[in-house]
Amino acid sequence: MESTIKKKSLDISPSVNNVCLESRNIMKNSLIPTIAGAFALITAHAAEIGQSAPDFSVKNTKGETVALADFKDKVVVLEWVNYGCPFVKKHYESGNMPALQEKYAAKGVVWLTVNSSAEGKQGYHAPAEMAEIATKHGNKASHFLMDTDGKMGKAYDAKVTPHLYIIHKDGKLVYDGAIDSNPSARKEDVATADKWFADALDAVLAGKDVSNAKTKPYGCGVKY
Amino acid sequence: MMIARITVLSAIAAGMVLGDGKPGTGRAKADWLTASSSALPGQPLQTAIRIRHDKHWYSYWLNPGEAGMPTTVEWKLPPGWKHGEPGFPAPVGFLTSGLASYGHVGELLLPVTITPPEDFIGTAKLEAEISWLACSNDGCVPGEAALSLEVTAGDPLPGPAAAEILAAIDLLPRPAGESLRLSVEETENSLVLTLIPGKSAPADLSQHEVFPLTTEVIDPKTRIRFAPGGQNWTATVPKSEFAASPLKELTLVLADRKHPPLQVTWNPPSRKSH
């Protein structure tokens with residue numbers, strides 16, 4: 001696995017012009033932290049459908065500690081966010097994400113929005129500022145978590161923003177993937193996409209099995 | 001005299017603000033080039049959409065990999081005009097934010113043929129909209145541009161972009177046809193790929209970079225390389241965690257950066273009842 005990633009990092013192909021070659025070198029240099037992140041990801045216990053969801057204990061934007069153990073017998077949604085990402089904007093500016101947060105809060109679901117951007121990386125903001133930005137975007141989550149060290153994100157293998165997970169009342173992970181079926185950045189595509197995440201959550205709340213438990217999430221890479 | 005009357009509209013600033021507060025512009029500019037500003041009725045005209053990426057920024061290939069979004073074109077041609085599919089050269093592989101992607105940097109030309117109707121007279125204004133997602137290590141910004149091209153009925157005359165477009169066509173993958181056949185054997189977590197050389201197959205396939213054009217079949221983190229195995233070439237690769245089993249299709253692009261890339265497609269043998 002290690003060697004695959006090392007090899008891949010060099011697989012920025014010799015290319016057809018100098019611009020590419022130059023870019024290739026830049027990319028190579030900038031890959032070092034990325035590779036370190038990838039190794040950390042491998043050693044962490046990865047979240048798997050049907051298994052117990054990895055525990056976490058993370059501070060919210062108010063400085064309070066929030067742990068999965070706090071929500072026994074509740075359905076918990078995890079939503080990775082980065083308000084600089086066009087795919088996140090799609091679902092906030094269209095009102096889709098806040099509407100889902102509101103709808104499912106009314107049904108007793110605990111919704112945790114998570115920001116795993118490391119300090120200094122795109123999308124990181126100090127907690128108070130982050131809370132303001134989230135409010136400005138209409139975020140209605142139960143808590144906004146500051147996973148600045150990325151431990152929670154890596155435990156779940158959160159790849160992109162938005163990336164959504166559903167944890168059943170019994171603590172098992174029952175959904176891991178995309179918000180919907182259309183990997184575009186256009187707001188107008190929200191209405192016509194298949195609602196993979198919402199369908200999964202409706203099934204969980206209705207006591208049914210999730211038929212499409214793992215889907216390919218789309219969005220921007222999490223800035224660990 | 002305008003040899004090629006091309007209206008160039010630079011990327012529309014999408015009004016995006018990145019997390020760090022910098023204004024976004026799509027981080028690339030797009031325009032539409034034509035080999036000739038005149039064309040005969042019913043005769044295909046060679047054009048190309050050009051995307052010039054800002055330094056350190058890239059847009060995505062048809063298979064974007066683990067994240068990202070392929071570049072798309074929405075055509076707004078006058079009645080009777082036809083377009084081909086824009087051709088993409090072999091991509092380059094990236095690993096950013098731990099995600100493996102396929103994309104393009106620098107200047108990218110997407111050759112596409114446009115065919116006037118049989119009753120074409122006078123001058124026509126062709127329009128299209130291109131949308132892309134530009135990403136760098138710092139983030140992603142969507143971009144779009146309105147493209148337009150004026151074409152006059154008449155004998156084609158090579159314009160200033162003709163040579164550049166021809167060069168871009170040379171970089172497009174072409175079907176390997178009889179020269180190379182792909183077979184795929186599927187196991188639970190991996191795929192055994194076999195290339196069976198035919199007439200005028202490349203002598204050495206071990207140096208080719210291999211890119212899956214079909215999405216969500218091969219894990220994009222995989223560096224695919226073929227090794228000799230008897231008369232054939234083989235590679236064993238991990239399946240994408242999102243692969244739907246049994247597989248229905250796999251198209252690979254093989255590029256050695258010296259010759260035009262080759263494209264091979266596998267479909268499962270049809271199951272005939274005995």
Side-chain angles (χ1 to χ4, degrees), chain A residues 1 3-24 26-27 30-31 33-35 37-38 40-41 82-87 89-90 117 121-125 133 154 157 159-161 177 183-186 214-224, chain B residues 14 16-22 24 52-53 55-58 64 66-70 72 89-101 104-107 131 133 135-142 144 167 171 209 211 215-216 219-225 238 240-242 255-257:
Chain A
M1 189 72 186
S3 68
T4 310
I5 287 172
K6 271 182 189 158
K7 274 180 191 165
K8 180 65 198 180
S9 71
L10 300 175
D11 187 23
I12 289 162
S13 322
S15 53
V16 291
N17 63 38
N18 291 332
V19 178
C20 295
L21 289 170
E22 185 183 275
S23 175
R24 170 188 166 200
I26 290 159
M27 299 294 290
S30 60
L31 279 170
T34 311
I35 293 166
L41 201 149
N82 180 336
Y83 290 110
C85 168
F87 298 94
K89 284 167 183 280
K90 168 189 177 185
S117 285
K121 291 286 183 69
Q122 188 276 328
Y124 173 82
H125 298 275
I133 293 170
K154 285 166 190 166
D157 194 12
K159 289 190 166 110
V160 296
T161 57
S184 86
R186 284 185 297 261
K214 191 164 172 74
T215 61
K216 188 189 177 190
Y218 66 87
C220 313
V222 175
K223 305 295 183 279
Y224 290 115
Chain B
M16 301 293 309
V17 177
L18 280 175
D20 59 3
K22 281 180 202 154
R52 284 175 289 181
H53 302 90
K55 207 172 175 182
H56 308 171
W57 289 77
Y58 58 92
E66 284 194 277
M69 187 180 89
T72 54
V92 290
F94 296 101
L95 189 65
T96 46
S97 306
L99 300 179
S101 308
H104 305 276
V105 293
E107 181 171 302
S131 307
L133 183 72
C135 293
S136 74
N137 278 350
D138 297 328
C140 299
V141 183
E144 53 185 28
L171 296 175
E209 296 171 87
F211 303 97
T215 58
E216 286 149 56
D219 183 343
K221 279 200 169 68
T222 314
R223 181 179 185 262
I224 311 170
R225 286 294 180 277
S240 157
E241 59 182 317
F242 306 106
D256 72 352
R257 312 281 170 191

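Every chain is numbered from 1, with letters handed out A, B, ... down the list of sequences. Bear in mind that the values here come from a model prediction, so they are computed numbers and not experimental data.
The line from CD of E66(B) to NZ of K216(A) is 7.5 Å long, rounded to the nearest 0.5 Å. Note that SG of C85(A) is 8.0 Å distant from CG of L133(B), once rounded to the nearest 0.5 Å.
Taking every heavy atom of both residues into account, P217(A) and F242(B) meet most closely at CD-CZ, 3.7 Å. For the residue pair C140(B) and P86(A), the shortest heavy atom distance occurs at O-CD, 3.2 Å. Across all their heavy atoms, T72(B) and R186(A) have their closest contact at OG1-NH1, 4.3 Å. For M69(B) against A185(A), the heavy-atom pair with the smallest separation is SD-N, 3.5 Å.
Residues K89(A) and P142(B) are not in side-chain contact: their nearest non-hydrogen atoms beyond the backbone lie 4.5 Å or more apart.
No part of S136(B) comes within reach of chain A, as not one of its non-hydrogen atoms sits under 4.5 angstrom from that chain. If you measure heavy-atom distances from T215(A) to chain B, the contacts under 4.5 Å come from the backbone alone.
With chain B as the partner, the residue from I133(A), V160(A), V222(A) showing the most heavy-atom pairs under 4.5 Å is V222(A).
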